[in-house]
Amino acid sequence: IMTRTNISTGGKLEDDYGYSRAVRIGNVIKVSGTCATDADGNTVGVGDVTQQVARCFEIIGSALEGAGATLGDIVINRVYLTNIDDAAAAGSAHGAIFGEVKPACTMMAVAALVRPDFLVEIECEAVIPDDADLTTH
């Protein structure tokens with residue numbers, strides 16, 4: 001029997017909009033689209049896509065930890081940019097984090113995100129060994 005585990009990182013919108021930061025079913029973890037916010041919900045790195053990418057992956061890393069995984073378990077990232085001209089900077093920031101892991105990655109431009117100061121939103125999927133549990137991985 002596969003168990004479902006919902007993981008929260010305490011973001012205000014998680015409750016307001018009725019979603020989990022991540023959901024683990026079996027050995028698969030899906031992480032919701034994540035933007036660069038601090039604990040109070042303020043945008044981190046306003047105007048700086050590199051800082052926003054880094055902050056997104058800090059939040060994603062925390063969610064993965066709660067699911068028994070790490071950034072190294074990510075198999076695909078989806079990076080949504082509000083300005084395709086930020087692709088090189090976002091890609092470089094992604095490469096600095098995932099240089100050895102090299103997950104699959106999709107990067108695209110979108111018309112807008114939830115807030116005008118969000119330059120990037122990132123969602124991902126991770127897969128961990130079948131025998132991993134929430135306490136040992």
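Everything quoted here is computed from the prediction, not taken from an experiment. Only this structure's heavy atoms are used, side chains among them; waters, hydrogens and symmetry mates stay out.
- No side-chain heavy atom of Leu71 sits under 4.5 Å from any side-chain heavy atom of Val101.
- Atom CG in Leu119 sits 10.0 Å away from atom OG1 in Thr50 (nearest 0.5 Å).
- In this structure, Glu123 does not pair ionically with Lys30, as no charged nitrogen and carboxylate oxygen lie closer than 4.0 Å.
- Ile74 is listed as a side-chain neighbour of Ile60, based on a closest heavy-atom distance under 4.5 Å.
- Side-chain contact between Leu81 and Val49 is present, with heavy atoms from C-beta onward closer than 4.5 Å.
- A heavy-atom distance below 4.5 Å is found between the side chains of Cys105 and His94.
- Residue Met108 places its CE atom among more than 12 non-hydrogen atoms of other residues, nucleotides or ligands, all under 6.0 Å distant.
- Looking at Ile59 and Thr37, their side chains come closer than 4.5 Å, going by heavy atoms from C-beta outward.
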**OP:** Show the numbers, then the answer: is there a side-chain contact (heavy atoms from CB on, under 4.5 Å) between Glu121 and Val110?
**Re:** CA-CA 10 Å; Glu121 183 166 342; Val110 296; over 6 Å; no

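- Contact of the Arg24 side chain with the Ile128 side chain is registered, since non-hydrogen atoms from C-beta on lie closer than 4.5 Å.
- At distances below 3.5 Å, not a single donor-acceptor pair connects side-chain atoms of Thr9 with backbone N or O atoms of Ile7.
- Two residues are said to be in side-chain contact when any heavy atoms from C-beta on lie closer than 4.5 Å; Thr43 and Arg55 fail this criterion.
- For the atom pair Arg21 CZ and Ile29 CD1, the distance stands at 14.5 Å (nearest 0.5 Å).
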